Amino acid sequence: MSRPSLIGLSTPELQALAEQLGEKPFRGKQIANWIYAKAVREYDEMKDLPAAFRAKLAETHDISPLHLTTHKKSTDGVDKLLVHNGDTQVYECVLLPYEDRVSCCISSQVGCPMGCTFCATGLGGFDRNLTAGEIVAQYLWLQSLSPRRISHVVFMGMGEPLLNFANVTKALNLFHEEIGLSYRHLTISTVGLVPQIRELAKLGLPIHLALSLHSPFDEIRSKLMPVNHKWDVAEALRAMHDYHKATGRKVTIEYLLINELNDTIEQAEALATKIMRMPHVVNLIPFNWVDTGNGFARPSRERVRAFRRHLESKGVNVTERVERGHDIAAACGQLAGQHAGRFARRERASTLPVVPS
Ligand code: SF4
């Protein structure tokens, strides 16, 4: 049986733990500083704690819940980690340095139950939710690889973050309170779970929210995302608009472009009409798998350009995903899939985000 980890506990919880172990509460603050500010992974590095206290802590708690399975570094500066918790379940996180910031993309679940038909993770099934500690530990491990501070966190790795609401919101709190990240630099990407979007709005935090829409038409969206049978395009967009009203944040609409499926001018027109009333940015992601098993293909450059131009002509704010980490299978679910031998025929599934600051 593995021990609980210190990562995942807030400063007040660490202070209570210190007291339980016969120390003064200020020791908890020292531990928080070591694990969250300095990202240490060994008790020996916690120099200002008495050796006897360190030994007691080591008996009851691991520092981090994570173990490394694979570390890949791409030629364009992306690091991707495949990690586990001492069992056979692996999940992924990615470090993405940009000129003006360093971002990371982290997982919220091992696998995913949402079953999106374009996604390697979705096709692999669902194992379990990650704890808040397992979520935050991904950031800390990636931070230990980066000479620059990671300022942005995107929940766009494995899993649907809003299905793991309690752990994800605890992790958001730890990112803000313990690591000092701005809520404005934390992005949740969701398939559109309407009740959870409304719950998130009630927290009143300026967290950036991204909706994976992928078509303004229910018939097509339902083919890509089974969730659309439950909450359709209109309901998902209404919830996003209400989220904007509650938080003041501009929302992102993620749009994966698939050749001759959802990349038509008719859909660009409908998309523009449906989102115009809410402050938004549309992030276009040209589909990039060579073989999905679903007959999906990447649109030509001309089709992507025409789609984008039409949106812009209607006054839509558009960004386009910058592809990174080709050579290391840097996209969501792909490396874990390769590890499990489940997606051997797929070459690439780049769904890495472009996040507006
Ligand atoms: S796209 Fe996201 S929500 Fe959909 S199956 Fe993949 S990981 Fe899950």
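Just so you know, ligand 1 is whichever comes first in the structure, and atom 1 is the first atom listed for that ligand. Note that the structure is a prediction, hence the values are computed from the model and not measured.
- Close contacts of ligand 1 with Cys112, meaning ligand atoms under 4.0 Å from a residue heavy atom, involve 3 (S), 5 (S), 7 (S), 8 (Fe).
- Taking each of Gly159, Ser189, Gly192 in turn, the one with a heavy atom nearest to atom 2 (Fe) of ligand 1 proves to be Gly159.
- Annotation for ligand 1: atoms under 4.0 Å from non-hydrogen atoms of Cys119 are 1 (S), 5 (S), 6 (Fe), 7 (S).
- Note that OG1 of Thr11 and CG of Leu14 are 6.0 Å apart. Values are rounded to the nearest 0.5 Å.
- Under 3.5 Å, the side chains of Tyr91 and Asn85 contain a donor-acceptor pair of N or O atoms.
- Ring pair Phe287/Phe296 is perpendicular by interplanar angle, where above 60° counts as perpendicular and below 30° as parallel.
- Heavy atoms of Cys116 found under 4.0 angstrom from ligand 1 belong to the backbone as well as the side chain.
- Lys24 NZ: 12 or fewer foreign heavy atoms inside a 6.0 Å radius.
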